[in-house]
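A short worksheet on the structure shown next.
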Amino acid sequence: MLERLSSVEAAMRDYFGADQRRIDHALGVTGFAEQILKHEKGDRLVVIAAALLHDIGIREAERKYGSSSGDLQEREGPPVAREILTGLAFDVAVIDEVCAIIASHHSPGEVDTDNFRVIWDADWLVNLGDEFDLKDDRKTFEMIRKIFQTTTGMSIAEQIYLQKDK
Ligand SMILES: [Fe+2]
């Protein structure tokens, strides 16, 4: 399985090419997904493939529409992910699930699975500081309670984003 996932990582690196920021983001989300999976339920092959490829639609969204908005990424990502995973001979069921997660990764509630929740939390662990002003620890704490969907994601978020008071 490790080998299959490193081939997905290599394909993602290839696809993003010189866009190191996107590669770093995908690897950051993958790292948090691994951490969350140590304590939460989830299928590692699906979760890690989805973490590596979750933003893969961004390049087509920018090329076609000049925008990287969430809904365009959700639309453009699955065909690219499907091509990559098909090329690596992944099972259709795994490909379908990864694509469903990518198609909804900015839309909570559409995919109600353990695998989705891990990706959702891992992406927010990377993005929270960029998306919100986190100066007020009480508000940050409330936001973490509202956004995160697994107890592990929540506690990692508290460790990262509430450390100012400690
Ligand atoms: Fe992301």
Side-chain angles (χ1 to χ4, degrees), residues 5-38 40 42-85 90 94-134 140 143-150 152-161:
L5 288 170
S6 38
S7 68
V8 179
E9 182 185 322
M12 179 278 289
R13 285 176 183 274
D14 246 27
Y15 185 82
F16 281 136
D19 196 344
Q20 195 60 42
R21 195 166 66 96
R22 302 284 179 219
I23 294 171
D24 290 344
H25 175 77
L27 295 178
V29 171
T30 302
F32 281 126
E34 294 272 19
Q35 272 191 53
I36 295 170
L37 274 182
K38 285 183 190 152
E40 303 283 341
D43 177 333
R44 189 159 178 270
L45 189 64
V46 170
V47 168
I48 301 304
L52 288 164
L53 299 177
H54 76 283
D55 279 344
I56 206 78
I58 214 158
R59 222 179 62 179
E60 281 300 278
E62 283 169 346
R63 189 180 67 83
K64 288 187 187 167
Y65 313 101
S67 160
S68 59
S69 76
D71 57 324
L72 292 173
Q73 275 187 56
E74 287 185 342
R75 196 197 308 168
E76 297 300 322
V80 180
R82 185 171 295 278
E83 201 183 315
I84 288 173
L85 295 174
F90 272 67
V94 171
I95 298 175
D96 286 347
E97 190 177 352
V98 169
C99 287
I101 293 171
I102 295 172
S104 293
H105 80 277
H106 289 285
S107 311
E110 287 181 3
V111 179
D112 186 18
T113 64
D114 292 326
N115 294 336
F116 179 87
R117 282 183 273 281
V118 177
I119 296 294
W120 175 263
D121 281 9
D123 204 16
W124 271 111
L125 282 169
V126 175
N127 290 337
L128 196 69
D130 297 332
E131 301 278 330
F132 296 104
D133 176 9
L134 302 175
T140 302
M143 200 183 300
I144 288 171
R145 295 274 136 172
K146 216 160 45 185
I147 289 174
F148 287 86
Q149 297 190 0
T150 70
T152 307
M154 223 175 260
S155 77
I156 298 171
E158 286 169 6
Q159 283 164 34
I160 296 173
Y161 293 108

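Only a predicted model underlies this, so the values are computations on that prediction, with no experimental measurement involved. First listed ligand is number 1; within each ligand, the first listed atom is number 1. For the numbers below, each heavy atom of this structure counts, side chains included, while hydrogens, waters and symmetry mates do not.
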Apex the Fe ion (ligand 1); atoms His25 NE2 and Asp123 OD1; angle rounded to 10 degrees: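 Output for this angle: 90°, rounded to tens.
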Taking the N/O/S atoms of Asp55 one by one, which is nearest to the Fe ion (ligand 1)?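 Result: OD2.
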Identify whether the distance between the nearest side-chain nitrogen and carboxylate oxygen of [X] and [Y] falls below 4.0 Å.
X     : Y     : value
Lys64 : Glu76 : yes
Glu60 : Arg63 : yes
Glu34 : Lys38 : no

When the aromatic ring centroids of His54 and His106 are compared, is their separation below 6.0 Å? no
Would His105 count as a contact for the Fe ion (ligand 1), in the sense that one of its N, O or S atoms lies under 2.8 Å from it?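 Within the cut-off used here (under 2.8 Å), His105 places no N, O or S atom near the Fe ion (ligand 1).
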